[in-house]
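Worksheet: the structure to be examined is printed underneath.
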Amino acid sequence: MTSEELNELLRVRREKLAAIAARGIEPFGRKYNFSHHAKEIITDFDKLEGQTVRLAGRVVAVRGHGKASFAHLMDMSGRVQLYFRQDTVGDEAYENFGLLDIGDIVGVEGEVFRTQKGEISVKVTSFEILAKSLRPLPEKWHGLKDVETRYRQRYLDLIVNPEVRDTFVARSRVIRALRHYFDAQGYLEVETPMMHPIAGGAAARPFITHHNALDMRLYMRIAPELYLKRLIVGGFEKVYEINRVFRNEGISIKHNPEFTLLESYQAFADYNDIMALTEQVIAHVAREVLGTTKITYQGQEIDLTPPWPRVSMTEAIQKYAGVDFTTVKTVAEARAIADKLGVRYEAKQGIGGILNNVFEEVAEKHLIQPTFITGHPTEISPLAKRNKDNPDITDRFEAFIFAREIANGFSELNDPIDQKGRFLSQVAQRESGDDEAHMMDDDYVTALEFGMPPTGGLGIGVDRLVMFFTDNYSIRDVILFPHMRPQRD
RNA sequence: GACCCACUAGCUCAGUCGGUAGAGCACCUGACUUUUAAUCAGGGUGUCGAUGGUUCGAGUCCAUCGUGGGUCACCA
């Protein structure tokens with residue numbers, strides 16, 4: 001909608017804007033010193049009754065009654081009723097009141113009182129227009145439902161749908177609780193590069209960008225992992241980072257191209273320590289944010305109280321498909337099991353890859369209550385330490401809640417020779433067409449050659465965690481501005 | 001990337017068999033000094049997502065495209 005094509009609703013507001021200016025009033029004000037928030041007027045009424053208060057916020061409803069009018073003012077805390085009387089504010093100010101629209105930002109001064117019908121209100125003695133609103137807000141009763149508009153114009157969603165504001169307040173509290181937990185455990189919060197010459201630490205396609213002055217290709221990071229472990233080599237014993245990573249993949253109810261990942265590393269620990277850390281930190285966040293470790297997600301009761309059961313990947317397959325994968329020695333045998341279960345696999349996949357496919361197909365959907373799955377194949381875990389008794393699997397776990405992977409951790413591979421070999425086999429996979437396989441990172445191997453203590457590492461998808469704690473079904477509902485295509489005509 | 005669904009007023013939604021655009025809220029005009037989804041009287045404000053096609057006639061049928069949602073694939 002261009003300015004040349006203003007419809008009546010927009011035109012009327014522009015006319016009021018001009019009328020306000022013609023009266024010598026700035027329609028876009030400067031500052032306003034407010035004394036209270038709307039919610040305080042309600043909660044502290046006994047103390048504030050008869051007192052003069054100053055509030056600032058958005059007019060969200062107006063009910064005119066001739067020479068007196070009611071309105072509702074909304075600020076960050078909530079809303080409170082305003083009462084405007086011609087004989088209280090004066091004739092001129094009451095005419096100015098007539099130029100207000102729903103959506104305008106105002107500052108008001110007035111006396112706290114209770115109306116005949118019992119609603120706590122502020123009897124306005126004077127007010128200022130702090131910002132004229134030139135566009136109508138969505139409807140007061142049904143709110144804004146159109147999901148496209150909600151995401152593209154999130155500010156409207158936040159103005160009109162209070163539960164959306166609650167979700168993002170809760171998101172902030174989740175992240176704060178995570179930080180508090182790691183800080184209290186003696187972890188150092190660090191920031192590592194967002195732009196990487198080599199995109200490592202996860203199996204994912206990166207976004208590619210370019211540095212002009214250096215004339216070099218850079219990748220937006222897909223994980224901070226390899227940098228955080230360099231810090232462990234450097235002598236930090238406990239580090240964590242909470243920030244964005246970027247993966248050039250499809251968008252879905254569970255995926256946004258940029259998402260928030262928490263990674264932590266603890267020197268001299270192993271994956272068992274990290275499993276304990278995981279269930280403790282998630283339970284801690286639940287208590288901090290919700291006051292309980294028993295949550296309801298999509299109508300399903302979920303008990304986050306530690307400890308969570310530990311089940312190996314092969315045990316889970318045994319349990320849910322009745323198949324013993326531990327005896328498999330050849331790819332042919334693995335394929336035969338997959339075929340029998342109707343699980344698809346690719347030609348390039350070995351025993352480990354097929355095992356993982358079978359697990360995902362037969363077991364994952366059963367993992368509603370928090371569960372640690374352990375013993376992931378070495379083939380799909382190029383950065384994890386091999387199990388002492390079985391080199392084909394790693395000391396790794398994934399935590400599942402509501403059939404969704406919420407955390408991933410392992411004993412970090414600190415043997416540079418093994419790591420080099422793992423990279424080489426990843427490179428071979430890349431060369432055979434797997435563009436999600438790892439790239440060779442010689443600099444990282446060099447770091448390991450200086451000696452990295454045995455280390456336990458953890459990654460938690462923060463957005464998904466927020467989804468659980470706010471009972472949201474789509475990741476878009478816990479990301480303020482989810483990725484969208486640009487609008488076209 | 002594939003398939004399915006949706007797109008009508010500022011917002012939320014109706015729209016029958018293809019017959020020329022509707023409601024509530026919002027908005028405009030008027031009345032109203034304790035209302036609260038205020039009320040009362042009057043007013044419809046629209047490129048029916050876009051472009052083609054079929055038809056005497058398309059919001060409606062067909063095709064292509066766009067955007068969004070869902071399922072699948074990939075991933076956390």
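Residue numbering restarts at 1 for every chain, and letters A, B, ... go by the order of the sequence lines.
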Item to check | Side chain A:Glu119 and base B:rU36 donor-acceptor under 3.5 Å | outcome: yes
Next on the checklist: Check this for me: does the side-chain of A:Arg85 come within 3.5 Å of the base of B:rU33 through a donor and an acceptor?
Outcome noted: yes
Checklist entry - Would you call A:Arg150 and A:Asp477 a salt bridge, taking side-chain N to carboxylate O under 4.0 Å as the test? => result yes
Next on the checklist: Check this for me, if you would: do A:Lys254 and A:Glu405 make a salt bridge, where the nitrogen-to-carboxylate-oxygen distance has to be below 4.0 angstrom?
Outcome noted: no
Rounded distance in Å between the [atom1] positions of [N] and [M]:
| N | M | atom1 | answer |
| --- | --- | --- | --- |
| B:rC7 | B:rC13 | C1' | 13 Å |
| B:rC56 | B:rU67 | C1' | 34 Å |
| B:rU45 | B:rC3 | C1' | 40 Å |
| B:rG44 | B:rU54 | P | 36 Å |
| B:rU20 | B:rC48 | P | 16 Å |
| B:rA38 | B:rG46 | P | 26 Å |
| B:rG68 | B:rG24 | C1' | 25 Å |
| B:rA58 | B:rG49 | C1' | 16 Å |

Closer than 4.0 Å, any side-chain N/O of [X] to the OP1 or OP2 of [N]?
| X | N | value |
| --- | --- | --- |
| A:Lys140 | B:rG10 | no |
| A:Arg485 | B:rG66 | no |
| A:Arg476 | B:rG69 | yes |
| A:Arg63 | B:rU36 | no |

Can you tell me the Watson-Crick or wobble partner of [N], both distances under 3.5 angstrom?
| N | result |
| --- | --- |
| B:rU36 | none |
| B:rC65 | B:rG49 |
| B:rU16 | none |
| B:rU55 | none |

Indicate, with a heavy-atom threshold strictly under 4.0 Å, whether [X] touches base, sugar-phosphate, or nothing.
| X | value |
| --- | --- |
| A:Glu436 | sugar-phosphate |
| A:Asp146 | sugar-phosphate |
| A:Arg152 | sugar-phosphate |
| A:Gly143 | sugar-phosphate |
| A:Ala202 | nothing |
| A:Ile253 | sugar-phosphate |
| A:Leu9 | base |

Checklist outcome for this item: Taking for A:Asp101 and for A:Lys67 the nucleotide of RNA chain B with the nearest heavy atom, the one nearer the 5' end belongs to A:Asp101
Item to check | Residue pair A:Arg221 / A:Thr192, side-chain donor-acceptor N/O under 3.5 Å | outcome: yes
Checklist entry - Would the number of heavy atoms belonging to other residues, nucleotides or ligands and lying under 6.0 Å from CE of A:Met484 be above 12? => result yes
Next on the checklist: If you count heavy atoms of other groups shown closer than 6.0 angstrom to NZ of A:Lys39, is the number above 12?
Outcome noted: no
Checklist entry - For the atom pair CG (A:Leu17) and CZ (A:Phe28), what is the distance rounded to the nearest 0.5 Å? => result 5.0 Å
Checklist entry - Does B:rA76 have A:Phe259 stacked on its base, where the ring centres are within less than 5.5 Å and the planes differ by under 30°? => result yes
